[in-house]
Amino acid sequence: MAIFDVLINYGLPFIVILSILVFVHELGHYAAARWNGVRVEVFSIGFGPEIKGWNDRRGTRWKISCIPMGGYVKMYGEEDADENDGDVPAKSEADSKESFREKTVLQRFSIVFAGPLANFLFAIAVMALLFSVVGRPIPEAGIGYIAPDSSAEKAGFKIGDRILSVDGVDIRWFEDLKREVSARPGIETSFKVVRNGSVTNIVAVMERAEEVGEKGNVVTVGRLGVGPDPAQIGHVRLGPVAALGVSVDRSFQMTWQILSYLGGVVNGTQSADELGGPIRIAQMSGEMAQAGLFSLTFFMAILSLNLALINLFPIPMLDGGHLVFLIAEGLRGRPVTPRIQEYSFRFGLILVLLVLVFATWNDLGEINLFN
């Protein structure tokens, strides 16, 4: 029974999210291929034997396969690109026009790049929709962290407290709390606080701290020594244009954070312990599903960004590796030799498997399997 519960609560959300993101990714390849006149033979969600499938009027086989850990789009003439010219059977003029291999470097580049691009645009669209329909998540004036020996600790604040006002000024958001506290360096300040359903008053003297102001000058500000409570989150609805702008900004911020972290792992300034694999993603998918539809959908948008970035890494077997070969072909005026491609793909496969094994090892340690 416990195993069944794990599969339903964690495995099912993971498979649903992954299938949606894979569909979006492959749909990007498919749409770009059709736009450039390439015949698409197979569109598969999952690998292995087919569970269910159908053919559309263009001859594309759409199918769901039994291993739900990815997917692929098979284009006519795509495999020919790995063959020597003399080994490729002659094609009719009609077939050549629909062959992936016969398209220009720029057209093939756009088809390969369209997959990651679709995931990136999907993340922006999903977040924009959430911000406009449900609202942008903003921390309320709740306390989730208290710094040791801080003004808050000395005054008697507790984790979980919700601050209603500062010296009679009503506040709701944590940003409001920061603004009011910053304006009172070294001043005795009265707080109205909700704790366990009851309202109480707490008096604290703000610490004095110096920081660089907006004009580059050093200013003295007040500090309470608290951090926001992740359990106390409110939502503010945005208009469609504002929601789209915030979504684009948030997407680029998260992309930069991901790249900065990975760069830190490479140069040794960041620990690789945070790298997670399928087990951790499944665990987080279940947790987000239990937290609600908003959390699950937002998590899916974040995963979509991750999927886009991972696929753009210049590693053979990934879209980024294909893009590198296409760039080389454009610069050289001829394709990279099949032998180089073959060895590169072998190296890429080994590298991807090693990263997957390492990430899975981290996952197993995270769930305390070795204890």
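Because the structure is predicted, anything quoted here is derived from the model rather than measured.
Looking at Glu175 and Arg179, no side-chain N of the basic residue comes within less than 4.0 Å of a carboxylate O on the acidic one, giving no salt bridge. Electrostatic pairing of Glu207 and Arg223 does not count as a salt bridge here, judged by no charged N lying under 4.0 Å from a carboxylate O.
Two residues are said to be in side-chain contact when any heavy atoms from C-beta on lie closer than 4.5 Å; Val73 and Val42 fail this criterion. Ser65 has its side chain out of reach of Ile45: every pair of non-hydrogen atoms, C-beta onward, lies at least 4.5 Å apart. In this structure, the side chains of Trp35 and Ile111 stay at 4.5 Å or more apart for every pair of heavy atoms. Looking at Arg58 and Arg34, their side chains come closer than 4.5 Å, going by heavy atoms from C-beta outward. The shortest distance between side-chain heavy atoms of Phe23 and Tyr30 does not fall below 4.5 Å. His235 has its side chain within reach of Phe294: a pair of non-hydrogen atoms, C-beta onward, lies under 4.5 Å apart. When side chains are defined from C-beta on, Phe345 counts as touching His322, because their heavy atoms get closer than 4.5 Å.
The hydrophobic cluster containing Leu177, built from Ile/Leu/Val/Met/Phe/Trp/Tyr side-chain heavy atoms closer than 4.5 Å, also comprises Ile143, Ile146, Phe157, Ile159, Ile163, Val166, Ile171, Phe174, Val181, Phe191, Val193, Ile202, Met206, Leu224, Val226. Grouping Ile, Leu, Val, Met, Phe, Trp and Tyr by side-chain contacts under 4.5 Å, direct or through others, leaves Leu106 on its own. Other members of the cluster containing Leu293 do not exist, because no ILVMFWY side chain is joined to it at under 4.5 Å.
Contact detail for Ser132 and Leu129: the closest heavy-atom pair is OG-O, 3.1 Å. The two residues Pro116 and Phe113 have their closest heavy-atom pair at CD-O, 3.2 Å. In terms of heavy-atom proximity, Ala289 sits nearest to Pro13 at CB-CG, 4.0 Å.
Under the rule for a salt bridge (charged side-chain N to carboxylate O under 4.0 Å, His left out), the partners of Glu50 that lie at least two apart in sequence or sit in another chain are Arg61. For Glu41, the side-chain hydrogen bond (donor to acceptor under 3.5 Å, both in side chains) test picks out Lys74, with sequence neighbours left out. Remark: Arg346 pairs with Glu342 by the side-chain hydrogen bond (donor to acceptor under 3.5 Å, both in side chains) rule, at least two apart or across chains. Thr104 pairs by the side-chain hydrogen bond (donor to acceptor under 3.5 Å, both in side chains) definition with Gln107, not counting sequence neighbours. Qualifying side chain to side chain contact (heavy atoms under 4.5 Å, CB included) partners for Asp149, counting only residues two or more places apart in sequence or in other chains: Glu153, Lys154. The side chain to side chain contact (heavy atoms under 4.5 Å, CB included) search around Trp173 returns Ile138, Glu140, Asp176, Val236, not counting sequence neighbours.
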Which pairs would a plain distance check flag for residues 323-332, meaning a side-chain donor or acceptor within less than 3.5 Å of a matching protein atom at least two apart in sequence or in another chain?
| unit_1 | atom_1 | unit_2 | atom_2 | d |
| --- | --- | --- | --- | --- |
| Glu329 | OE1 | Arg108 | NH1 | 3.1 |
| Glu329 | OE2 | Arg108 | NH2 | 2.8 |
| Arg332 | NH1 | Arg334 | O | 3.1 |
| Arg332 | NH1 | Pro335 | O | 3.0 |

Show the atom names and distances, to 0.1 Å, of all donor-acceptor pairs under 3.5 Å that link a side chain in residues 298-320 to residues at least two apart or in another chain.
| unit_1 | atom_1 | unit_2 | atom_2 | d |
| --- | --- | --- | --- | --- |
| Ser304 | OG | Asn119 | O | 2.7 |
| Ser304 | OG | Asn119 | ND2 | 3.3 |
| Asn306 | ND2 | Ile302 | O | 2.8 |
| Asn311 | ND2 | Leu307 | O | 3.0 |
| Asp319 | OD2 | His25 | NE2 | 3.0 |
| Asp319 | OD2 | His29 | NE2 | 3.3 |

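Judged by distance alone, with hydrogens and angles left aside, the side-chain atoms of Glu210 form no donor-acceptor pair with the main-chain N or O of Val221 at under 3.5 Å. Distance alone, capped at 3.5 Å, is enough to place a donor-acceptor pair between the Ser247 side chain and the Ile124 backbone. Here the side chain of Ser44 pairs a donor or acceptor atom with the backbone of Gly46 at under 3.5 angstrom. Using a distance-only test at 3.5 Å, with no hydrogens or angles considered, a donor-acceptor pair links the side chain of Thr189 to the main chain of Ile187. The backbone N or O of Met75 sits less than 3.5 Å from a side-chain atom of Glu78, completing a donor-acceptor pair. Judged by distance alone, with hydrogens and angles left aside, the side-chain atoms of Thr60 form no donor-acceptor pair with the main-chain N or O of Asp56 at under 3.5 Å. Panel note: side chain Lys103, backbone Asn36; a donor-acceptor pair is recorded below 3.5 Å. When atom types are taken as modelled, the side chain of Arg237 and the backbone of Val133 share a donor-acceptor pair closer than 3.5 angstrom.
Side-chain rings of Tyr72 and Phe47 approach one another, their centers coming within less than 6.0 Å. Here Phe43 and Trp54 keep their ring centres 6.0 angstrom or further from each other.
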Might you work through the side-chain contact (heavy atoms from CB on, under 4.5 Å) test for Glu26 and Val22, ending with a clear yes or no? CA-CA 6 Å; Glu26 300 303 334; Val22 168; 4.1 Å; yes
Apply side-chain contact (heavy atoms from CB on, under 4.5 Å) to residues Asp161 and Asp229 and explain how you reach the verdict. CA-CA 9 Å; Asp161 286 351; Asp229 185 356; over 6 Å; no
Does the side-chain contact (heavy atoms from CB on, under 4.5 Å) test come out yes or no for Lys97 and Glu102, once each step is laid out? CA-CA 7 Å; Lys97 289 182 178 180; Glu102 299 300 324; over 6 Å; no
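Linking Ile, Leu, Val, Met, Phe, Trp and Tyr whenever their side-chain heavy atoms come within less than 4.5 Å leaves Val24 and Ile64 in two separate clusters.
For residues 244-274, every residue pair satisfying the ring-ring contact (aromatic ring centres under 6.0 Å, His included) rule, not counting sequence neighbours, is listed here: Phe120-Phe252.
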